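Single-structure report; data block below.
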Amino acid sequence: MKRLAVSLTLFLVLSLGVGLAVSGPDFMDWGIAGGLFAIAVAGESFRFWLRRTRAKKRSEI
(Lines give C-alpha, C1' and ligand atoms only; values in the text may rest on other atoms or scores of the structure.)
Protein backbone atom coordinates (compact mmCIF):
# COMPACT_ATOMS: atom_id res chain seq x y z
CA MET A 1 0.00 0.00 0.00
CA LYS A 2 2.91 2.33 0.73
CA ARG A 3 4.31 1.77 -2.77
CA LEU A 4 0.94 2.66 -4.27
CA ALA A 5 0.80 5.94 -2.35
CA VAL A 6 4.36 6.87 -3.30
CA SER A 7 3.75 6.01 -6.94
CA LEU A 8 0.52 8.01 -7.15
CA THR A 9 2.15 10.97 -5.42
CA LEU A 10 4.99 10.91 -7.93
CA PHE A 11 2.55 10.73 -10.85
CA LEU A 12 0.51 13.58 -9.35
CA VAL A 13 3.56 15.84 -9.16
CA LEU A 14 4.63 14.87 -12.69
CA SER A 15 1.19 15.45 -14.17
CA LEU A 16 0.90 18.85 -12.46
CA GLY A 17 4.34 19.75 -13.79
CA VAL A 18 3.39 18.75 -17.34
CA GLY A 19 0.11 20.65 -17.07
CA LEU A 20 1.97 23.76 -15.96
CA ALA A 21 4.66 23.39 -18.62
CA VAL A 22 2.13 22.96 -21.42
CA SER A 23 -0.06 25.89 -20.38
CA GLY A 24 2.64 28.50 -19.91
CA PRO A 25 2.82 31.09 -17.15
CA ASP A 26 -0.82 32.20 -17.34
CA PHE A 27 -2.78 29.30 -15.85
CA MET A 28 -2.70 25.57 -15.22
CA ASP A 29 -4.02 23.28 -17.96
CA TRP A 30 -6.17 21.11 -15.72
CA GLY A 31 -7.47 18.96 -18.56
CA ILE A 32 -4.04 17.64 -19.47
CA ALA A 33 -2.90 17.31 -15.85
CA GLY A 34 -6.10 15.52 -14.83
CA GLY A 35 -6.01 13.25 -17.86
CA LEU A 36 -2.43 12.19 -17.22
CA PHE A 37 -3.18 11.53 -13.56
CA ALA A 38 -6.30 9.52 -14.51
CA ILE A 39 -4.18 7.33 -16.79
CA ALA A 40 -1.69 6.81 -13.94
CA VAL A 41 -4.46 5.87 -11.49
CA ALA A 42 -5.96 3.44 -13.99
CA GLY A 43 -2.58 1.81 -14.58
CA GLU A 44 -1.79 1.50 -10.89
CA SER A 45 -5.27 0.14 -10.18
CA PHE A 46 -4.83 -2.48 -12.90
CA ARG A 47 -1.44 -3.48 -11.49
CA PHE A 48 -2.92 -3.73 -7.98
CA TRP A 49 -5.85 -5.84 -9.25
CA LEU A 50 -3.50 -8.10 -11.21
CA ARG A 51 -1.33 -8.67 -8.15
CA ARG A 52 -4.36 -9.55 -5.98
CA THR A 53 -5.69 -11.95 -8.62
CA ARG A 54 -2.38 -13.77 -8.87
CA ALA A 55 -2.07 -14.00 -5.09
CA LYS A 56 -5.60 -15.40 -4.85
CA LYS A 57 -4.79 -18.09 -7.46
CA ARG A 58 -1.67 -19.11 -5.58
CA SER A 59 -3.55 -19.48 -2.31
CA GLU A 60 -6.14 -21.79 -3.94
CA ILE A 61 -3.48 -24.27 -5.07
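No experiment lies behind these values; they were computed from the predicted model shown.
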| query | Considering all heavy atoms of both residues, which atom of S23 and which atom of M28 are nearest to each other, and what is their separation? | reply | OG-CA, 3.8 Å
| Can you tell me how far CG of L20 sits from CH2 of W30, rounded to the nearest 0.5 angstrom? | 9.0 Å
Within the 4.5 Å heavy-atom criterion, are [X] and [Y] side-chain neighbours or not?
{"X": "L4", "Y": "L8", "value": "yes"}
{"X": "L14", "Y": "L36", "value": "no"}
{"X": "E44", "Y": "R3", "value": "yes"}

| field | ILVMFWY network linking L12 to I39, side-chain heavy atoms under 4.5 angstrom | value | no
| message | Side-chain heavy atoms nearer than 4.5 Å, only ILVMFWY residues, links allowed to pass through others: does that put L16 and F37 together? | response | yes
| task | Look only at the side chain of S15 and the backbone of F11, and say whether a donor-acceptor pair between them is shorter than 3.5 Å. | result | yes
| query | Taking only residues two or more places apart in sequence or in another chain, which ones pass side-chain hydrogen bond (donor to acceptor under 3.5 Å, both in side chains) with S45? | reply | none
